[in-house]
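Read through the structure below, which is laid out as structure tokens, and then see the notes.
Note that these values count all heavy atoms, side chains included, but never hydrogens, waters or copies made by symmetry. Because the structure is a prediction, the values reported are computed rather than measured.
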Amino acid sequence: MNAGEVYRVVRSVDIAPVLAILDTLPFFAANVSGGKYPCDVVLQPQFPPPLKELVAGLGLGGTITRAILRKLGPRQSIPPHIDAWMPKEADWHRYQVPITSHPDIVMRWPDASSG
């Protein structure tokens, strides 16, 4: 993949095991003291087995170095942005997997139309 390219792959993912434990996950508040995009998160080291299995089963290839489960409240979003902290020379790929959402919610990607 070349710099600036965006790939979009949509496929089914069995989220039932994660939904079954969603209310028991150890979420904590992040970015609440002036940080961007305050939300509740669970970091990869605290992932219980069903969540680890979901991530491993995605077949992303390479080495997973960072995984975060982020919970957004009603009418909360993360605006389009670029993470300046990511080194330009790194060959990193980012994936967004919605676990649960309201049917009216639309995930938008850089190549998605606004309509």
Checklist entry - Are L54 and P17 close enough that some pair of their side-chain heavy atoms sits under 4.5 Å apart? => result no

Checklist outcome for this item: The reported gap from CG in D40 to CZ in F28 (rounded to nearest 0.5 angstrom) is 9.0 Å

Checklist outcome for this item: So CG of D14 and CG of L19: to nearest 0.5 Å the spacing works out to 9.0 Å

Next on the checklist: Quick check for you: to the nearest 0.5 Å, what is the distance between Q46 atom CD and L25 atom CG?
Outcome noted: 11.0 Å

Item to check | Spatial distance of atom CZ (F47) from atom CD1 (I21) [nearest 0.5 Å] | outcome: 10.0 Å

Next on the checklist: Are V42 and L58 connected into the same hydrophobic cluster when the rule is that any two of I, L, V, M, F, W, Y join if their side-chain heavy atoms are below 4.5 Å apart?
Outcome noted: yes

Checklist entry - Can you check whether L69 reaches V41 side chain to side chain, under 4.5 Å on heavy atoms? => result no

Next on the checklist: I want to check something: taking the side chain as every heavy atom from C-beta on, are Q44 and V55 in contact at a cut-off of under 4.5 Å?
Outcome noted: no

Item to check | L51-I64 co-clustered via ILVMFWY side chain contacts under 4.5 Å | outcome: yes

